[in-house]
Amino acid sequence: MSGTEKVPAITATDDELRAHLAEAEVPPLLSAVAYVTGDLSLLRDDLRPNPTLLAVPHGGMSTEQQAAARELALDALIRFRDGGSVRATPPTHDVLLRMVEHVVGESDMDDYLPLLEEELALRGDDRRGPKWHAADLDPDRDFSVLVIGAGMSGVLTAHRLQQAGISFTVVEKNADVGGTWYENSYPGCRVDNPNHNYSYSFAQRHDWPLHYSDQPVLHGYFRDCARDFGVLDRIRFRTAVRSLAWDDDSATWSVVIEGPDGATETLVTNAVVSAVGQLNRPHFPEIPGIDTFAGVSFHSAQWDHDAPIDGARVAVIGTGASSVQFTPEIAPRAGHLFVFQRTPPWMGPTPDYHEAVPEGQRWLYAHVPTYSEWNRFWMFWRMGDGSIPAVRVDPDWDTSSGSVNPLNDLMRSALTSYLEQQFASRPDLLPHVIPTYPPGAKRLLRDNGVWAGALTRENVTVVTDAIREITPAGIVTVDGTEYDVDVIVYGTGFHASHFLEPMQVTGSGGVDLHEQWTGDARAYLGITIPGFPNLFCLYGPNTNIVINGSIIYFSECGVRYILGCLELLLRGHHASLDVRKDVHDDFNERVDAENRMMAWGWSDVNSWYKNEHGRVAQNWPFTLLEYWQRTVVPDPDDYVTTPMVDSTPPSRPPGTASLHLA
Ligand SMILES: Cc1cc2nc3c(=O)[nH]c(=O)nc-3n(C[C@H](O)[C@H](O)[C@H](O)COP(=O)(O)OP(=O)(O)OC[C@H]3O[C@@H](n4cnc5c(N)ncnc54)[C@H](O)[C@@H]3O)c2cc1C
């Protein structure tokens, strides 16, 4: 459903409407009703959220404010219903701006408006799609793209390439699409961004069953999208890319792939999009004796659903994002559960984390045009750029108390109180569960009480002593205590900093990418790398986020940028396009400087955001707006291009296949 799709006329009675509105999130409700009815009197100055209380439901609006807002919306919707549910003419730029500023309780949102119009797809149009077709730009050119990976990013890329009429093949090592949401089947796996936000902007779904969907629902969503986009038959499943090598003479990539039967094949293509993700190569800790364990052991991303957990002595190593989801699920099943923790997580109270979307909200999504889109924007803001001030280091702030600025300090106090309440029955655990690092230095995890519920169980022991070794019988900590267990679950994350591994990538002049990077992956806008022409990355270096936004947003921006680069190639009849090193280096300097000013770069707490050099290689430190602004369209001056030698297709080495024939 989208903003212009036909929404059934409202037939609910006044009382039914009142009941539905009681469950509405108020800030987006007012703008949605104003948008659809044209009644701007709903946008009252005294009914705006408090921009410093965005984390709180309704942006901290008082009960009286909420009640007044609901009454206003009720009256307007009754008039709307009685008038035949006829939608007002879409607002002008200035009026839309007023609505946007009203939802977030801020002013000066002008810069955001073009981004938000796209992000909301309020008028039902997909503004991020290509506005050109390859056949119109360079009709005679034999041009193809290989996409590596069919997760959220790869499926999106395939869709855009198809829209642009570019020949492409997707190669996926798994048996299905979905990436993260195909692989992680551990109990309790779910998204941490509400789904109205964690979904493609142009394929919004308004009937999510849960606020935060679990893995099967997410996998289903991406599979449905791939099917609806018509790209499933362009994906070669169970096929992995082993290496890719650039040939300067022909300006093509030779890509070696390995199929399900182990046979290799070489594909030749003009451009490659790496959509291999960051979080799909499980990381096991370097603990002496790890291979000697005689029981059952596995990583959370490779969950062993036959593992004998019921009644068994189970060890969980790690208390990061995955562990916080699966530990509460297995704690009641285990005979005894030992949770080995190095660093505790900050937990963000999220009462509706496991809850179904209530009836009233479902009704609003289905019957009040644009409520869903405005709600998406509300989430985009409060969990996006609106939260950045809380994690940026204030150079004048005394950081000795473990916070980086006054707002961060308030956040720290609120989150500490939450943990104190949660662990009230076990004060002995408090020193172990309250982090000493500032909120935002590691990912803030969502909680609805199940974490403390698990850790305070009688059959659960939290172990904070460092692990010395793993033996055939179990785990031994540095103080010599032996924990004999039947099962070890590794909730120890991924090789996130090892971008594009284990593929061998050879660029211009035979330069090896991983030798160039030496473990410190960098790219321009997370997308292009000097010396590696016509290679584009999604979810590449410095495109991750700690507390703000969703990766889908970054991939949508990135894919549009990549399509823009392909347009440059085709329109300009260029053979290749290579990012200028000075542009890349200047950009990275800025990224590094800004990351050092963010809680995650400033703090010395261990986190997967830093690579082996201690550099934050994962995170985007600027606003979401800036990523959008920088990726709307590539600046040709950022790139060095080479001309086409002639218009004939690239010559292929013997024994290789053209992508078009694959
Ligand atoms: C448990 C978990 C929870 C998460 N929760 C959130 C969240 O709440 N919000 C959020 O924004 N993000 C979250 N993420 C991050 C998540 O990875 C991204 O949101 C998103 O799914 C990334 O999609 P992707 O397509 O870029 O990468 P992936 O989903 O990792 O997909 C990459 C694909 O590439 C394939 N591939 C890799 N190498 C090769 C190769 N050599 N040859 C062929 N195929 C290859 C893989 O098999 C995979 O299918 C979470 C990640 C995990 C692991």
Side-chain angles (χ1 to χ4, degrees), residues 148-154 172-192 214-216 218-219 222 237-242 258 274-293 295-307 309 314-327 329-330 338-343 345 442-443 445 467 469-470 475 485 487-503 514 519 521 539-541 544 551 606-612 617-618:
I148 313 172
M152 173 276 291
S153 305
E172 167 56 58
K173 69 177 166 54
N174 290 336
D176 202 350
V177 301
T180 288
W181 306 109
Y182 169 75
E183 292 177 357
N184 288 268
S185 66
Y186 61 77
C189 179
R190 66 182 63 238
V191 68
D192 268 356
D214 51 18
Q215 176 260 337
L218 287 161
H219 180 227
F222 289 112
F237 290 109
R238 296 190 183 88
T239 303
V241 170
R242 297 296 177 216
E258 186 179 326
S274 163
V276 298
Q278 292 186 7
L279 308 177
N280 53 43
R281 273 152 297 114
H283 169 261
F284 288 88
E286 284 168 17
I287 300 173
I290 188 165
D291 294 327
T292 66
F293 181 59
V296 174
S297 65
F298 54 90
H299 188 276
S300 60
Q302 299 162 333
W303 197 267
D304 179 351
H305 290 274
D306 297 324
I309 287 173
V314 179
V316 167
I317 301 182
T319 54
S322 295
S323 174
V324 159
Q325 294 184 330
F326 69 72
T327 295
E329 300 286 328
I330 61 172
F338 299 94
V339 179
F340 290 84
Q341 173 185 273
R342 185 170 60 172
T343 319
K442 285 165 84 87
R443 190 162 172 86
L445 305 181
I467 297 174
E469 65 179 312
I470 292 179
I475 294 173
V485 292
V487 178
I488 299 177
V489 186
Y490 292 94
T492 43
F494 301 88
H495 287 286
S497 297
H498 297 188
F499 292 87
L500 273 63
E501 290 188 15
M503 296 184 298
H514 298 300
Y539 203 6
N544 212 330
I551 301 301
N606 59 70
S607 84
W608 59 273
Y609 299 133
K610 292 181 188 154
N611 63 22
E612 64 203 65
Q618 306 295 332

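Along the sequence shown, the residues carry numbers beginning at 1.
Taken to the nearest 0.5 Å, the NE2 atom of H495 stands 13.5 Å off from the CH2 atom of W608. Here the straight-line distance linking atom CD1 of I467 with atom CZ of R342 works out to 10.0 Å at 0.5 Å rounding. If you take CD on E329 and CD1 on I309, they are separated by 11.0 Å, rounding to the nearest 0.5 Å. With rounding to the nearest 0.5 angstrom, the CD atom of Q278 is 10.5 Å from the CG atom of L500. For the atom pair CZ (F237) and CD (E172), the distance works out to 7.0 Å, reported to the nearest 0.5 Å. With values rounded to the nearest 0.5 angstrom, F326 atom CZ is found 12.0 Å from S185 atom OG.
Proximity of a side-chain donor or acceptor of H514 to a complementary backbone N or O of P502 within less than 3.5 Å is not detected. Judged by distance alone, with hydrogens and angles left aside, the side-chain atoms of H283 form a donor-acceptor pair with the main-chain N or O of T492 at under 3.5 Å. In terms of modelled atom types and a separation under 3.5 Å, the side chain of N174 and the main chain of D176 share no donor-acceptor contact. The backbone N or O of A321 sits nowhere less than 3.5 Å from a side-chain atom of R443 that would complete a donor-acceptor pair. In this structure, R281 contributes its side chain and H498 its backbone to a donor-acceptor pair below 3.5 Å. With hydrogens and angles ignored, the 3.5 Å screen pairs a side-chain donor or acceptor of T292 with a backbone N or O of I470. Judged purely by atom type and a 3.5 angstrom limit, S323 uses its side chain to pair as donor or acceptor with the backbone of G318. In this structure, the side chain of Q325 engages the main chain of R190 through a donor-acceptor pair within 3.5 Å.
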I317/I475 under side-chain contact (heavy atoms from CB on, under 4.5 Å): CA gap, chis, key distance, verdict: CA-CA 10 Å; I317 301 182; I475 294 173; 3.8 Å; yes
Chi angles and distances behind the side-chain contact (heavy atoms from CB on, under 4.5 Å) call for Y539, N544: CA-CA 7 Å; Y539 203 6; N544 212 330; 3.2 Å; yes
Verdict with supporting geometry, N184 and S322, side-chain hydrogen bond (donor to acceptor under 3.5 Å, both in side chains): CA-CA 9 Å; N184 288 268; S322 295; 4.9 Å; no
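Of the options K173, R238, R242, a side chain to side chain donor-acceptor pair (under 3.5 Å) to E258 is made by R242 and by none of the others. F298 pairs in a ring pair (Phe, Tyr, Trp, His ring centres under 6.0 Å) with only one of the listed residues (W303, F293, Y186, F284), which is W303.
Note on ring orientation: taking the six-membered ring where Trp is involved, the planes of Y182 and H219 are tilted (angle from 30° to 60°).
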